[in-house]
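Following: one structure in structure tokens, then a few remarks.
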Amino acid sequence: MTKKNRKVGVSRRGFLKTLGVGGAGMLIPSGALAAQERVPQPSDGELATLLDLSKCIGCGECVSACRESNAAKFPEPKKPFPEMIPASRAKPEDWSDKRDLDGRLTPYNWLFLQNVEVVYKGEEYDINIPRRCMHCQNPPCANMCPFGAANKHENGITRIYDELCMGGAKCRNVCPWHIPQRQSGVGLYLDLMPSLAGNGVMYKCDRCYQLLDKGELPACISVCPEDVQTIGPRHEIVAQAKALANKMNGFIYGLEENGGTNTIYVSPVPFDLLNKAVDKGKGKPHMKQVADVMADETNLATATLIAPVAGIAAGFLGLGAKLMKIAGSSGESKGDSDES
Amino acid sequence: MKARPYPGWITRLFIFAMTALAATGMMQMPLAKRYFISEIPGLSWTADFFIVHKLHYIFAILLLFVVALVVVHWLRDWRKQLALSTLGRTRVIILGGLIISGCLRVFRNLPNVTLNPDIVVTIEWVHLALTMVMGGVALAALIRKQSAYARKP
Ligand code: HEM
Ligand code: SF4
Ligand code: SF4
Ligand code: SF4
């Protein structure tokens with residue numbers, strides 16, 4: 001964070017004043033404005049977080065807090081890992097000896113910082129981007145999981161159940177940001193057919209559900225000295241993000257991405273600049289525009305409603321109604337001898 | 001093999017839809033790449049989860065059409081002339097379960113729909129288990145030469 005982008009940023013207090021202080025469910029971390037402080041309630045429905053990138057100083061407090069808050073959930077794999085077949089394709093992924101690695105997403109690091117220097121409109125910006133699961137509104141990682149291990153909850157959290165996950169990494173494959181990370185040697189697959197199916201458990205940010213359940217803030221939000229993040233009902237967060245972007249002449253990421261996410265970034269520089277500048281690769285997500293990957297399925301779902309109606313209509317029109325005259329005897333008709 | 005009294009194209013469409021659903025259904029699990037299925041010439045698409053997913057939807061649409069058509073005929077006319085075999089009745093029940101659980105999965109995948117995770121897990125495992133049971137019963141029916149669901153009594 002440079003002085004320059006501090007100029008662009010708005011202090012939380014000033015910002016809240018201009019907004020007339022967020023709606024009833026708006027959540028302001030840390031002590032300063034205790035009167036407005038309110039932890040989201042289940043009745044608030046889908047919760048979203050707002051990340052004001054003009055404020056983040058890249059101190060890394062959130063990264064450490066995430067690890068501490070979630071340490072009990074981290075995998076303790078059994079070694080040696082079971083042999084997997086075929087060995088050339090089913091390769092174990094092991095992060096258990098690299099638990100301290102914090103430069104990317106791993107099963108032991110669900111949040112990391114991307115740092116970029118970009119020039120925009122002749123000004124230099126040093127931007128830090130906390131990256132973790134976006135908590136999509138219609139998450140493909142959950143929709144496509146064939147075991148029901150990944151699920152979206154009513155409060156907007158997408159969580160992977162470690163006791164059900166087989167570690168096939170399909171969620172990572174279908175996630176537009178390839179967020180979930182695999183650790184081999186743990187989970188349900190060990191009790192089934194470890195050599196033939198599964199390869200561990202997938203891990204990612206679960207938005208500190210255990211804290212939210214207790215009425216507390218996710219660790220990365222409460223620890224941040226700059227109050228970069230705000231959490232609240234999505235509609236309020238969206239309104240706040242738009243107001244903030246307006247105020248700083250900035251840009252928003254997450255409103256439309258993958259059909260809408262419950263993580264909204266607001267930045268003083270365009271996201272395509274950030275995307276070009278960030279270090280991308282395994283465990284280091286991009287910031288590209290993302291179309292809704294479930295859009296075709298959403299359309300096809302309408303067809304699953306129409307199909308039986310069409311079938312019923314065709315039935316009443318007599319399509320294929322006529323039974324063949326085989327008089328109960330066997331082996332006469334030819335037409336269908338090809339069936340199983 | 002016992003002949004079926006109902007039109008052959010209905011049978012063929014049904015068997016095609018079921019086979020295609022079983023194949024694309026299995027491919028919902030991440031095994032095409034691991035087991036080199038996507039390596040087979042012409043089958044590289046099996047490793048694309050989105051393609052396989054959309055195909056599963058499309059074959060489900062086909063199946064729903066055929067099943068609705070047959071149900072209408074059955075209720076209007078066929079039930080007076082035909083009788084379900086025991087294995088036929090068993091498969092009708094399994095099929096009903098597959099369709100209900102499958103449609104619930106489609107419902108769950110809609111934007112703005114968030115089902116309780118415990119319910120989703122149940123739907124998911126019911127669908128997967130019924131697929132396996134259906135495979136078993138279909139095989140049994142084939143061996144006993146009773147693959148027709150219904151016959152003239
Ligand atoms: C109208 C009928 C059906 C519909 C609407 C339907 C729909 C679905 C959906 C949405 C999924 C989940 C895929 C995902 O989102 O990850 C699925 C999975 C699957 N389907 Fe179907 N399906 C139908 C019938 C069948 C039939 C008849 C079979 C087999 C004979 C079958 C086999 C499977 C299998 C093996 C899976 C993967 C396991 C699972 O996710 O539970 N489906 N189906
Ligand atoms: S704790 Fe806050 S300021 Fe520090 S890196 Fe995280 S988001 Fe940025
Ligand atoms: S960002 Fe990826 S892992 Fe997170 S909810 Fe969306 S699809 Fe799932
Ligand atoms: S919400 Fe919790 S799990 Fe997610 S990044 Fe923040 S601290 Fe980590």
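Every chain is numbered from 1, with letters handed out A, B, ... down the list of sequences.
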Inset, instruction - Answer with side chain, backbone, both or neither: which region of B:L82 has an atom nearer than 4.5 Å to a non-hydrogen atom of chain A? - result: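 The side chain, not the backbone.
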
Legend entry - B:I10 portion near chain A, given a 4.5 angstrom heavy-atom threshold: side chain

So for [X], is it side chain, backbone, both, or neither that comes closer than 4.5 Å to the heavy atoms of chain B?
{"X": "A:E297", "result": "both"}
{"X": "A:V293", "result": "both"}
{"X": "A:I306", "result": "neither"}
{"X": "A:A150", "result": "backbone"}
{"X": "A:N151", "result": "both"}
{"X": "A:A313", "result": "neither"}

Legend entry - Options B:K33, B:R34, B:Q81, B:R108, ranked by heavy-atom pairs under 4.5 Å with chain A, top entry: B:R34

Legend entry - Residue, of B:V66, B:L31, B:L115, B:V120, that accumulates the most heavy atom pairs under 4.5 Å with chain A: B:V120

Inset, instruction - Could you tell me whether A:R89 and B:E39 have a side-chain N and a carboxylate O separated by less than 4.0 Å? - result: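 B:E39 and A:R89: salt-bridged.
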
Legend entry - Polar side-chain atom of B:H53 near backbone of A:M294 as donor-acceptor pair, under 3.5 Å: no

